[in-house]
Chemist: 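Quick one: structure below, then a few questions.
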Amino acid sequence: KKDLWALDNFEIGRPLGRGKFGNVYLAREKSSHVILALKVMFKVELSRAGISHQVQREVEIQTHLRHPNVLRMYGYFHCDKRVYLLLEYARHGELYKVLRSQPNSRFTEYHSANYIAQLVSALKYLHSKKVIHRDLKPENILIAANGQLKIADFGWSVWSPNERRTTLCGTLDYLPPEMIEGCKYDEKVDIWSLGVLCYEFVCGKPSFEAAKKSETFKRIARVDIRFPQFLTDEVIDLICKLQEILNLSNIRSTERWPERLNIIASAKESTPVFLQPWGSCI
Ligand SMILES: CC[C@@H](NC(=O)c1cc2[nH]nc(NC(=O)c3ccc(N4CCN(C)CC4)cc3)c2s1)c1ccccc1
């Protein structure tokens, strides 16, 4: 395990992804020929946006995580202008592009069940380490060999419990009420996002999508979720249970937590939730 890496240890390939604060390139380590992804960020942009502490936390968290559905970070190095993160290469790219390329931009329930099960496994691991991802969305999930999902981009992750200090940017779609209302929250925010992801896998759009941010905000706060008729009762039941976890604020106690995860694991056998005529869950 080498501690001090430098740019000339690597041959840089094509750009893999472009983000607000940096780009990711295909790279190969010269002596071992290991293929990886090199994420390059400019220090001045990070400090200008006041997120240098987030990158330090991203490195601190992700370098210590070891799980088949969490993208590995092998290490990092920096020079005067840039920070470089050495990341695992996921050869099938970004989940959201595969999702959008499906007919009606959605997966079958069978396909979705496999993906959700992998994400549950990753979240159980992260939460056992008291890590909250906080930014779970299709853009942050990659697909590696043999259809293995990898949760990536821990730039917004924190140690649980936590109170958000940095202003939110990007889509609100996947955030639970307590995060958009800016109060205390814990790892259950990731389970809320998982519910939105599950909805998006089987419906082709996130649960609370609206034309304007203010509309999305209202729909999230009211948990104003509606289900298309083509969904089975089982997947509706699972999504409702993923969203209700954060709604019944009385279950702050963590001992209910393992039971909740069992619900997710056994969603198939559960009794279908009784739907209101307009299709939302009670
Ligand atoms: C998750 C977002 C984050 N990304 C990473 O950290 C990323 C880490 C990481 N490891 N491997 C990746 N692989 C790819 O990005 C990739 C993309 C397309 C591919 N294909 C195109 C379609 N073709 C049919 C198959 C091959 C294959 C691999 C990425 S992205 C990020 C953050 C900031 C700035 C840019 C990117």
Side-chain angles (χ1 to χ4, degrees), residues 5 10-29 32-78 81-102 105 107 115 118-119 122-123 126 131-157 166 168-171 173-175 190 193-194 196-197 200 206:
W5 292 106
F10 303 93
E11 284 156 343
I12 310 299
R14 71 180 180 89
L16 290 173
R18 295 188 181 288
K20 210 168 162 195
F21 297 104
N23 298 329
V24 177
Y25 299 89
L26 191 60
R28 185 171 73 166
E29 201 279 319
S32 64
H33 287 196
V34 166
I35 297 290
L36 46 82
L38 189 66
K39 186 170 168 184
V40 185
M41 294 173 281
F42 287 89
K43 285 182 177 176
V44 69
E45 283 178 15
L46 299 176
S47 54
R48 219 180 270 149
I51 58 164
S52 307
H53 67 289
Q54 278 188 214
V55 175
Q56 281 156 11
R57 198 164 46 198
E58 178 179 358
V59 172
E60 183 203 338
I61 287 177
Q62 210 168 344
T63 45
H64 291 91
L65 297 177
R66 299 280 187 282
H67 186 278
N69 300 116
V70 173
L71 196 78
R72 275 295 309 280
M73 183 184 292
Y74 304 120
Y76 72 101
F77 55 94
H78 61 96
K81 288 195 178 55
R82 298 174 188 81
V83 177
Y84 300 89
L85 306 183
L86 300 170
L87 297 167
E88 177 183 0
Y89 175 57
R91 55 181 292 206
H92 295 299
E94 295 144 307
L95 175 71
Y96 85 92
K97 285 193 180 153
V98 172
L99 181 59
R100 298 284 185 279
S101 67
Q102 304 294 309
S105 295
F107 296 128
Y115 279 169
Q118 291 189 53
L119 296 173
L123 288 182
L126 292 176
V131 170
I132 322 176
H133 186 278
R134 291 201 311 176
D135 195 16
L136 202 59
K137 57 186 178 186
E139 290 77 358
N140 286 342
I141 299 170
L142 302 169
I143 307 182
N146 53 57
Q148 252 200 335
L149 293 191
K150 303 272 179 180
I151 296 179
D153 206 354
F154 283 73
W156 278 92
S157 61
T166 324
L168 292 174
C169 55
T171 177
D173 278 322
Y174 303 83
L175 296 179
D190 287 338
S193 304
L194 185 67
V196 179
L197 254 178
E200 182 168 8

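No hydrogens, no waters, no symmetry mates; every other heavy atom, side chains included, goes into these values. Order of appearance sets the numbers: ligands from 1, and atoms from 1 within every ligand. Only a predicted model underlies this, so the values are computations on that prediction, with no experimental measurement involved.
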Chemist: With under 30° as parallel and over 60° as perpendicular, where do the rings of Tyr115 and Phe107 fit, or are they tilted in between?
Modeler: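 Tyr115 vs Phe107 ring planes: perpendicular.
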
Chemist: Kindly give the heavy-atom pair with the smallest separation between Met41 and Leu85, and that separation in Å.
Modeler: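 Scanning both residues completely, I find the closest heavy atoms to be CE-CD1, 3.5 Å.
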
Chemist: Ignoring hydrogens, what is the shortest heavy-atom contact between Phe77 and Phe10? Give both atom names and the distance.
Modeler: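 Minimum heavy-atom separation between Phe77 and Phe10: CE2-CE1, 3.7 Å.
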
Chemist: If you round to the nearest 0.5 Å, how far is CG of Leu87 from OG1 of Thr63?
Modeler: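 The distance works out to 11.0 Å.
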
Chemist: Measuring from atom CD of Glu94 to atom CD1 of Ile143, what distance do you get when rounded to the nearest 0.5 angstrom?
Modeler: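 Output value for this atom pair is 9.5 Å.
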
Chemist: Let me check something: any side-chain donor-acceptor pairs from residues 144-155 under 3.5 Å, sequence neighbours excluded? List them with distances.
Modeler:
| from | atom 1 | to | atom 2 | distance (Å) |
| --- | --- | --- | --- | --- |
| Lys150 | NZ | Pro68 | O | 2.8 |
| Lys150 | NZ | Glu88 | OE2 | 2.9 |
| Asp153 | OD1 | Lys39 | NZ | 3.3 |

Chemist: So which protein residues pack against ligand 1 under 4.0 Å, heavy atoms counted?
Modeler: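 Within 4.0 Å of ligand 1, the protein residues are Arg14, Leu16, Gly17, Arg18, Gly19, Gly22, Val24, Ala37, Lys39, Leu71, Leu87, Glu88, Tyr89, Ala90, Arg91, Gly93, Glu139, Asn140, Leu142, Asp153.
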
